[in-house]
Colleague: 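One structure follows; several queries about it will come next.
Chain letters run A, B, ... following the sequence lines, proteins first, then strands; residues in each count from 1. Predicted model only: the values in this text are computed from it and were never measured.
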Amino acid sequence: MTPVTELRDAVEAAVGALGDGTPARARPTLERPKQAGHGDYATNAALLLAPALGAPPREVAERLGDELRERLGPALDRVEVAGPGFLNLFLADRWYAQALAGVLDAGEAFGGGGADPARVVNVEFVSANPTGPIHVGHTRNAAYGDALARLLEFGGHTVHREFYVNDFGSQVQRFGESIQARARGEEPGEEGYRGEYIEDIARRIPDAATAPVADVARRGVELMVEAIAQSLERFRVRFDTWFSERSLHEAHPPDPSPVEHAFDVLAEQGRTYRSDGALWLRTTEFGDDKDRVLERSSGEHTYFASDIAYHQLKRERGFNLLINVLGADHHGYVGRMHAAFEALGGAPDELELLIMQLVQLVEGGRRSSMSKRRGEFVTIDELVDEIGVDAARWYLLARSHETTIEVDLDLAREQSSENPVYYVQYAHARISSVLQKAGEERVRRALAGEPGDVELHDAERTLIKKLLAFPDEVAEAIERRAVHRIAAYALELAQTFTAFYRDCQVVGVEPDVEELRLRLSVATRRTIARALDLLGVSAPDAM
RNA sequence: GCCCCUGUAGCUCAGCUGGAUAGAGCAGCGGACUUCUAAUCCGCAGGUCGCAGGUUCGAAUCCUGCCAGGGGCGCCA
């Protein structure tokens, strides 16, 4: 129970008392008004209640104000009815001091937990083809998937990070052929992979020129996966499982292969049929616009079949929420995968396919397309070399995953020193410095003390309110899978702290005041560090 | 043709499950360093929220149509 939820409960109770059971049109809001002078918190409850009561909104607001005064007592300084019928609440300084105490008591857990129900989540992301290094598009996917996983964990879920390795099928064959061609000093074919890294790999496979292509391909994929894992590690992304697509096609007698097993599950439910020599899945029964092939007339399995088997296996492994972070070029696949998931007997809300919009690469003011086959792309390592992990992660996470972003490496390089991430980190370093100046002993005493009865500065009230908003921000970010909200919040919190720092001397003022300001500094420092951690960005003590 | 995302300040983007005077960063202009860290702060300037209708006490936000940009519509992966 946070101070803000207590307030919200009081408002809802007051609404209940007035409304007498008549349902309001919607849940009343309790928000921090943008406009100073509109109170610390404001509610539109009266506007929503007025039609049901048949009374003018402003009059309803007056009555609501009386109810709230009674419920909140001395915590409430005063209420004002404003505009068409908003009710503005002005809280007493004592309320603020108590609220801050609540934040400090929550400690590292402040803003987290509360997942209901807590789920066992498998977050599958990146899953780039292991036929080349990963580029900025995958890097965005990596940053987002990892931050989402961090958020879900912080919210109280159990999270497993997974990378699906597409080590099966024709592109792997082509990959092997390209390596072999290079090993023999030849050009890869028209459809082959032409990037420089292919030569590297060819050099690292001793018998690449003569070994069977399948072996070369397998070894090439292994090397590539190793390299990808290293790059991602450097980017602070670790996977719990690297899942091989090929393994889905391998049977371990007497058990059938996972793909055959999935076919059996589907057949039992009567979801498949044969036509034109192929095996089809009736995805149309679940809203897809056409049925899909699982096994071609040639007897080969489609990629879709692998994926179905993979999802079935994830279910059997005990996850009750499967999240896949996909590039926008996969959106056509969402409908059929959901259909297949239901055909397997999965509940619709246990599979979530999140579509990330793409990264456009810009070079010399012109859009260029990223092609792995032609070897034209900016790799994760180049990006990190140029601007560093913190700036890269911030840059990729500060925008909604639903919007296309442009990456101009020249511009990114040029502007990286202006990246807002440094502003946030600087605020954190600055607080560390202030606390250091105060000394451990004084900080410890301040934290051990009771919230005093000092009159607050506006900047202090604003900062406390900003801190109190954190749990809601986290909850909303999780709810909407909107990681960028955390970045926006971190920046705002840093700005709010900086204003406080400007207006309020911390160390060396009256003991009561210093104590409160030290407490406020500690709470802010922790919250900034937490927000940065959720994004996978470091929180330095000095800059 | 159908489907998904986007269109908000010069640029990059927040705000979008309806609320009061639409925000931030960068870029621009003018100011502030005997400080608790100037990687900072203060001020100024900058907007037909793509366009047109509709819903309502109230629309950047919801609905419809149109325009523009990106992506997708395989027995490819």
Side-chain angles (χ1 to χ4, degrees), chain A residues 25-27 29 31 33-35 37-38 42-44 47-48 50-51 56-57 82-86 88 127 129 131 166 168-172 174 245 275-280 289-290 292-307 327-336 355-358 360 367 395 398-408 411-412 414-415 417-427 429-438 476 479-480 482 484-485 487-489 491-492 495 498-499 501-509 517 521 542-543:
Chain A
R25 211 166 49 180
R27 239 185 132 207
T29 60
E31 56 179 13
K34 296 171 217 135
Q35 205 59 35
H38 287 167
T43 177
N44 65 350
L47 286 161
L48 299 178
F86 291 101
N88 299 334
S127 297
N129 279 335
T131 53
N166 301 129
F168 186 82
S170 56
Q171 95 252 339
V172 175
R174 273 207 302 276
E245 180 186 358
S275 170
D276 302 330
L279 181 68
W280 297 72
D289 44 13
K290 55 176 285 201
R292 307 287 169 170
V293 171
L294 298 178
E295 187 182 274
R296 294 178 204 125
S297 42
S298 65
E300 290 173 314
H301 296 146
T302 59
Y303 177 81
F304 189 42
S306 301
D307 245 19
D329 50 344
H330 283 71
H331 112 266
Y333 149 103
V334 170
R336 83 185 72 156
I355 295 298
M356 298 225 35
Q357 292 306 309
L358 302 177
Q360 297 272 352
R367 283 207 178 108
Y395 187 83
R399 295 147 173 82
S400 160
H401 66 282
E402 287 181 335
T403 189
T404 309
I405 60 177
E406 290 189 356
V407 170
D408 181 330
L411 206 63
E414 210 173 282
Q415 293 186 346
S417 65
E418 305 299 336
N419 193 311
V421 73
Y422 299 121
Y423 182 95
V424 180
Q425 291 183 316
Y426 187 67
R430 193 180 240 171
I431 300 173
S432 300
S433 166
V434 168
L435 295 177
Q436 198 175 14
K437 174 158 180 166
E476 192 177 349
E479 168 86 25
R480 291 171 43 189
H484 71 283
R485 304 277 310 208
Y489 174 79
L491 182 58
E492 285 165 19
Q495 284 169 328
T498 303
Y501 174 84
R502 181 191 66 226
D503 295 340
C504 301
Q505 175 82 22
V506 176
V507 181
V509 293
R517 290 179 180 171
S521 298
M543 286 176 78

Colleague: Using whole Å, report how far CG of A:Leu358 lies from C1' of B:rG70.
Modeller: 8 Å
Colleague: Could you check which of B:rA14, B:rG71, B:rU40 has an atom nearest any side-chain atom of A:Ala328?
Modeller: B:rG71
Colleague: Can you figure out which of B:rU12, B:rC41, B:rA20 approaches the side chain of A:Arg399 most closely?
Modeller: B:rU12
Colleague: Can you tell me how far C1' of B:rA20 sits from NE2 of A:His38, to the nearest Å?
Modeller: 5 Å
Colleague: Name the nucleic acid region contacted by A:Ala542, choosing base, sugar-phosphate or nothing; use a 4.0 angstrom heavy-atom cut-off, strictly under.
Modeller: base
Colleague: Paired with B:rC2: which nucleotide, if any, by Watson-Crick or G-U wobble criteria at under 3.5 Å for both distances?
Modeller: B:rG72
Colleague: Without decimals, in angstroms, what is the distance between A:Leu48 CG and B:rU17 C1'?
Modeller: 13 Å
Colleague: Mark up nucleotides 3-9 of chain B, 5' to 3', with B wherever a protein heavy atom is under 4.0 angstrom from a base atom, S wherever such an atom reaches only the sugar-phosphate, and - elsewhere.
Modeller: BSSS---
Colleague: A:Leu294 near the nucleic acid: base, sugar-phosphate alone, or nothing, with a heavy-atom cut-off under 4.0 Å?
Modeller: nothing
Colleague: Roughly how far, to the nearest 0.5 Å, is CZ of A:Arg430 from CG of A:Leu435?
Modeller: 13.0 Å
Colleague: Quick one: is A:Arg480 getting a side-chain N or O under 4.0 Å of the B:rU17 phosphate, OP1 or OP2?
Modeller: no
Colleague: From the list B:rA39, B:rC13, B:rG15, which nucleotide is the closest neighbour of the side chain of A:Arg485?
Modeller: B:rG15
Colleague: Please determine, for B:rG7, whether a Watson-Crick or G-U wobble partner exists with both distances under 3.5 Å, and give it or none.
Modeller: B:rC67
Colleague: Looking at B:rU40, B:rC42, B:rA14, which one has an atom nearest to any side-chain atom of A:His484?
Modeller: B:rA14
Colleague: Give the rounded distance in Å between these two atoms: CG of A:Asp503 and P of B:rC41.
Modeller: 12 Å
Colleague: Using nucleotides 73-77 of chain B, report all nitrogen or oxygen pairs with the protein that are shorter than 3.5 Å.
Modeller:
{"residue": "B:rC75", "atom": "OP2", "partner": "A:Lys290", "partner atom": "NZ", "Å": "3.0"}
{"residue": "B:rC75", "atom": "O3'", "partner": "A:Arg296", "partner atom": "NE", "Å": "3.2"}
{"residue": "B:rC75", "atom": "O2", "partner": "A:Ser297", "partner atom": "N", "Å": "3.1"}
{"residue": "B:rC75", "atom": "O2", "partner": "A:Ser297", "partner atom": "OG", "Å": "3.3"}
{"residue": "B:rC75", "atom": "N3", "partner": "A:Ser297", "partner atom": "OG", "Å": "3.4"}
{"residue": "B:rC75", "atom": "N4", "partner": "A:Asp276", "partner atom": "O", "Å": "3.4"}
{"residue": "B:rC76", "atom": "OP2", "partner": "A:Arg296", "partner atom": "NE", "Å": "3.0"}
{"residue": "B:rC76", "atom": "O3'", "partner": "A:Arg296", "partner atom": "NH2", "Å": "3.3"}
{"residue": "B:rA77", "atom": "OP1", "partner": "A:Arg296", "partner atom": "NH2", "Å": "2.5"}
{"residue": "B:rA77", "atom": "OP2", "partner": "A:Arg296", "partner atom": "NH2", "Å": "2.7"}
{"residue": "B:rA77", "atom": "OP2", "partner": "A:Tyr303", "partner atom": "N", "Å": "3.2"}
{"residue": "B:rA77", "atom": "O3'", "partner": "A:Phe168", "partner atom": "O", "Å": "3.2"}
{"residue": "B:rA77", "atom": "O3'", "partner": "A:Gln171", "partner atom": "OE1", "Å": "3.2"}
{"residue": "B:rA77", "atom": "O2'", "partner": "A:Gln171", "partner atom": "OE1", "Å": "2.3"}

Colleague: Treat primed atoms plus P, OP1 and OP2 as sugar-phosphate and everything else as base, then score nucleotides 25-30 of chain B 5' to 3': B for base contact with protein heavy atoms under 4.0 Å, S for sugar-phosphate contact only, - for none.
Modeller: SS----
Colleague: Quick one: label A:Ala82 by what it contacts on the DNA or RNA (base, sugar-phosphate, nothing), any heavy atom closer than 4.0 Å.
Modeller: base
Colleague: Provide the Watson-Crick or G-U wobble partner of B:rA20, both distances under 3.5 Å; none if there is no partner.
Modeller: none
Colleague: Name the pairing partner of B:rC62, where a pair is Watson-Crick or G-U wobble with both distances under 3.5 Å, or state none.
Modeller: B:rG54
Colleague: Between A:Phe86 and B:rG19, do the rings stack, that is, sit under 5.5 Å apart with planes less than 30° off each other?
Modeller: no
Colleague: Counting only Watson-Crick pairs (N1-N3 plus N6-O4 or O6-N4) and G-U wobbles (N1-O2, O6-N3), all under 3.5 Å, who is the partner of B:rU40?
Modeller: B:rA32
Colleague: Mark yes or no for a side-chain to base donor-acceptor pair under 3.5 Å between A:Asn88 and B:rA20, with no hydrogen or angle criteria applied.
Modeller: yes
